[in-house]
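These notes are about the structure you will find just below.
FYI, side chains are in, hydrogens and waters are out, and symmetry mates aren't considered; it's all heavy atoms of this structure.
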Amino acid sequence: MVDVRLARFEDLPAMLEVAFLSFEKTFAPHNTREDMDIFYRDNYTIEKMQHEFYQPQTALFLAIEHGNVVGFVRLRKNDEVKEKLGDATIELQRLYVHPQHQGKSIGSLLMGNAMSYAAGEHAEWIWLGVWERNFLAQKFYAKWGFERFGEHTFLHGTDPQIDWLLKRRV
Ligand SMILES: CC(C)(COP(=O)(O)OP(=O)(O)OC[C@H]1O[C@@H](n2cnc3c(N)ncnc32)[C@H](O)[C@@H]1OP(=O)(O)O)[C@@H](O)C(=O)NCCC(=O)NCCS
């Protein structure tokens, strides 16, 4: 049985572990070790997680199985796509499932929760960025009805990479 609940400060180390393992599985085969390490140093530290935890206009939901964090999703309100989608948007900024638990509907459970949250916040659109070569995640988002509306460049270590921007009506 997998439960979903809001993250607490003391969950952050377990969330960092899930983010690291899932990112490593997805990205390490296609990127240099150097770029991976730069990315972790800049993004996946407990200090950065703590900072993000206290940012306003964000929500962090965890999937918990037998008391362990097996996935999480981070949502936030911002103005980044205002020109394309208007004011009432929510970004799905991170969605990670522990590699040993992928393909067991935990991502879908978190996505369902994200959609309910977005509806509760009266968002019209939920949107996200996904690496152009992250085909499994793209398949997951396509199943959820997301469609492409643009792209942006994302610096992975020293390597500029393209993220597709995907949107779905709430
Ligand atoms: C993408 C992700 C969040 C999906 O969560 P999940 O719990 O594995 O997905 P679900 O079990 O709810 O849904 C399964 C569907 O997702 C897709 N999928 C994506 N990654 C998958 C994986 N590793 N294993 C199995 N299915 C995966 C498939 O389309 C699958 O449908 P299918 O079985 O009919 O082919 C998760 O696999 C993950 O954390 N991946 C690594 C990190 C990542 O890429 N995050 C997104 C960054 S934008």
Verify ring-ring contact (aromatic ring centres under 6.0 Å, His included) between Tyr54 and Phe9, making sure each step is shown before the conclusion. CA-CA 9 Å; Tyr54 286 118; Phe9 189 79; 5.7 Å; yes
Parallel, tilted or perpendicular: which one describes the rings of Phe23 and Tyr40, with boundaries at 30° and 60°? perpendicular
Roughly how far apart are Arg74 CZ and Leu110 CG, rounded to 0.5 Å? 15.0 Å
Between Glu47 and Arg41, does any NZ, NE, NH1 or NH2 come within less than 4.0 Å of an OD or OE carboxylate oxygen? no
Donor-acceptor side-chain pairing of Gln93 and Asn78 below 3.5 angstrom: no
Atom CG in Asp3, atom CD in Glu65: separation rounded to 0.5 Å? 9.5 Å
Phe20 side, atom CZ; Leu16 side, atom CG - distance, nearest 0.5 Å: 9.0 Å
Steps toward side-chain contact (heavy atoms from CB on, under 4.5 Å) verdict (Trp164, Asn134): CA-CA 10 Å; Trp164 289 356; Asn134 190 351; over 6 Å; no
What distance separates Glu124 CD from Arg168 CZ, expressed to the nearest 0.5 Å? 14.0 Å
Could you check if a side-chain atom of Lys167 sits within less than 4.5 angstrom of a side-chain atom of Lys84, using non-hydrogen atoms only? no
Results of ring pair (Phe, Tyr, Trp, His ring centres under 6.0 Å) for Trp131 - residues two or more places apart only: Phe27, His30
Just one of Phe72, Tyr96, Tyr117 clears the ring pair (Phe, Tyr, Trp, His ring centres under 6.0 Å) bar with Phe61, so which one? Tyr117
Supply the atom-to-atom distance His122 NE2 to Asp87 CG, rounded to the nearest 0.5 angstrom. 14.5 Å
Is the side chain of Asp37 donor-acceptor paired with the backbone N or O of Glu34 at a distance under 3.5 Å, no angle test? no
